[in-house]
Chemist: 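Got a structure for you, written out below as structure tokens; questions coming shortly.
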Amino acid sequence: MRRVRAVRGAVQVDADERAAIVEATMELVAETMDRNGLTTDDVISVIFTATPDLTAEFPAVAARKLGFHDVPLLCATEIAVPGALPRVVRLLAHVETGRPRSAIRHVYLRGAAALRPDVVP
């Protein structure tokens with residue numbers, strides 16, 4: 001039986017530059033899809049957040065480049081917590097899958113792996 005599940009992920013971006021944001025976000029989205037055996041038809045929606053120091057591009061641009069043409073996407077700014085990890089794009093994807101919640105693979109890449117060492121392989 002397919003159910004709605006939420007998949008989380010994050011990636012630290014090298015610099016506040018358009019190409020860097022798109023490249024890192026494409027890596028995050030592709031890895032999230034791959035680790036969870038998903039296609040764009042499985043994705044209901046994706047919310048992206050970026051830390052306030054990333055303003056050169058919308059992370060959703062990366063998902064569109066990967067074929068997310070009919071998937072609702074939203075970008076927002078992450079709250080500015082003092083001392084938080086800089087230059088981070090996060091995602092929260094709502095998907096339809098037959099996987100149980102315990103089998104969902106959340107993806108934390110590059111420096112963002114420090115955010116969730118409990119789920120990083």
Side-chain angles (χ1 to χ4, degrees):
M1 173 189 338
R2 291 173 57 90
R3 296 180 185 258
V4 175
R5 301 287 185 210
V7 184
R8 285 284 321 216
V11 64
Q12 190 171 37
V13 179
D14 293 336
D16 183 25
E17 298 170 357
R18 181 184 186 284
I21 294 169
V22 170
E23 185 266 328
T25 307
M26 286 177 72
E27 178 185 357
L28 174 62
V29 171
E31 193 67 23
T32 300
M33 299 294 284
D34 185 58
R35 288 189 194 179
N36 289 286
L38 299 168
T39 68
T40 55
D41 286 339
D42 300 319
V43 182
I44 298 166
S45 64
V46 183
I47 300 168
F48 293 96
T49 65
T51 50
D53 52 2
L54 293 177
T55 60
E57 185 57 274
F58 294 104
V61 168
R64 295 283 183 233
K65 287 180 177 275
L66 291 173
F68 284 63
H69 303 295
D70 297 328
V71 177
L73 306 173
L74 177 68
C75 296
T77 303
E78 190 73 30
I79 60 173
V81 175
L85 191 65
R87 299 180 323 280
V88 175
V89 171
R90 291 172 172 86
L91 70 74
L92 172 62
H94 302 95
V95 302
E96 289 182 302
T97 180
R99 291 179 180 226
R101 185 175 292 155
S102 61
I104 297 297
R105 299 293 168 240
H106 305 288
V107 177
Y108 291 82
L109 303 174
R110 303 181 187 183
L115 297 171
R116 290 293 307 270
D118 58 316
V119 298
V120 175

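Heavy atoms only: backbone and side chains are in, while hydrogens, waters and symmetry mates are out.
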Chemist: Sequence neighbours excluded, which residues qualify as side chain to side chain donor-acceptor pair (under 3.5 Å) partners of D53?
Modeler: T51
Chemist: Would a single hydrophobic cluster contain both L54 and L109, if residues Ile, Leu, Val, Met, Phe, Trp and Tyr are joined by side-chain heavy-atom contacts under 4.5 Å?
Modeler: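 Linked, L109 and L54 end up in one cluster.
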Chemist: For T39, which residues count as a side-chain contact (heavy atoms from CB on, under 4.5 Å) partner, sequence neighbours excluded?
Modeler: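 Counting only residues at least two positions away or on another chain, T39 forms a side-chain contact (heavy atoms from CB on, under 4.5 Å) with D41, D42.
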Chemist: How would you list, by chain and number, every residue that makes a salt bridge (Lys or Arg N to Asp or Glu O under 4.0 Å) with R99, sequence neighbours excluded?
Modeler: none
Chemist: Take a 6.0 Å sphere around CZ of R101 and say whether it holds more than 12 heavy atoms from other residues, nucleotides or ligands.
Modeler: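 For R101, atom CZ is not crowded (no more than 12 foreign heavy atoms under 6.0 Å).
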Chemist: Working to the nearest 0.5 angstrom, can you tell me the gap between F48 CZ and L28 CG?
Modeler: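 Rounded to the nearest 0.5 Å, the CZ-CG separation comes to 7.0 Å.
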Chemist: Not counting sequence neighbours, which residues clear salt bridge (Lys or Arg N to Asp or Glu O under 4.0 Å) with R8? List them please.
Modeler: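 Not a single residue meets the salt bridge (Lys or Arg N to Asp or Glu O under 4.0 Å) criterion with R8.
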Chemist: As an exercise, state the distance from OG1 of T32 to NE2 of H106, rounded to the nearest 0.5 Å.
Modeler: 10.0 Å
Chemist: With sequence neighbours excluded, what pairs up with P100 under the side-chain contact (heavy atoms from CB on, under 4.5 Å) test?
Modeler: S102, A103
Chemist: With sequence neighbours excluded, what pairs up with A84 under the side-chain contact (heavy atoms from CB on, under 4.5 Å) test?
Modeler: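 Listed in chain order: V81.
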Chemist: Honestly curious: do V88 and I47 fall in one hydrophobic cluster under the side-chain, below-4.5 Å linking rule?
Modeler: no
Chemist: Determine the minimum heavy-atom distance between L85 and A112, stating which atoms define it.
Modeler: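 Closest approach of L85 to A112, heavy atoms only: CD2-CA, 3.8 Å.
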Chemist: Output, in order, the C-alpha distance, side-chain angles, deciding distance and verdict of side-chain contact (heavy atoms from CB on, under 4.5 Å) for T97 and V7.
Modeler: CA-CA 11 Å; T97 180; V7 184; over 6 Å; no
Chemist: Once salt bridge (Lys or Arg N to Asp or Glu O under 4.0 Å) is applied, do any residues pair with R35, and if so which ones, sequence neighbours excluded?
Modeler: E31
Chemist: Which residue pairs pass the salt bridge (charged side-chain N to carboxylate O under 4.0 Å, His left out) test when at least one of the two sits in residues 111-121, sequence neighbours left out?
Modeler: R116-D118
Chemist: Do you know the tightest heavy-atom contact between A20 and A15?
Modeler: CB-O, 3.5 Å
Chemist: Where is the tightest heavy-atom contact between L115 and P117, given as atom of each residue plus distance?
Modeler: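 So the minimum-distance heavy-atom pair works out to C-CD, 3.6 Å.
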Chemist: Please list, chain by chain and in numerical order, all residues satisfying side-chain contact (heavy atoms from CB on, under 4.5 Å) with F68, sequence neighbours excluded.
Modeler: V29, M33, T40, V43, V46, A63, R64, L66, V71, L73
Chemist: Scan residues 13-29 for pairs that pass side chain to side chain donor-acceptor pair (under 3.5 Å), counting only residues two or more places apart or in two chains.
Modeler: D16-T55, R18-E57, E23-R110, E27-R110
Chemist: Name all pairs fulfilling the side chain to side chain donor-acceptor pair (under 3.5 Å) condition that reach into residues 72-83, sequence neighbours left out, sorted by first residue then second.
Modeler: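 Pairs touching residues 72-83 that pass the test: T49-E78.
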Chemist: Are L92 and V89 connected, step by step, through hydrophobic side chains (Ile, Leu, Val, Met, Phe, Trp, Tyr) whose heavy atoms are closer than 4.5 Å?
Modeler: no
Chemist: Should V95 and M26 be counted in the same cluster of Ile, Leu, Val, Met, Phe, Trp and Tyr side chains packed under 4.5 Å apart?
Modeler: yes
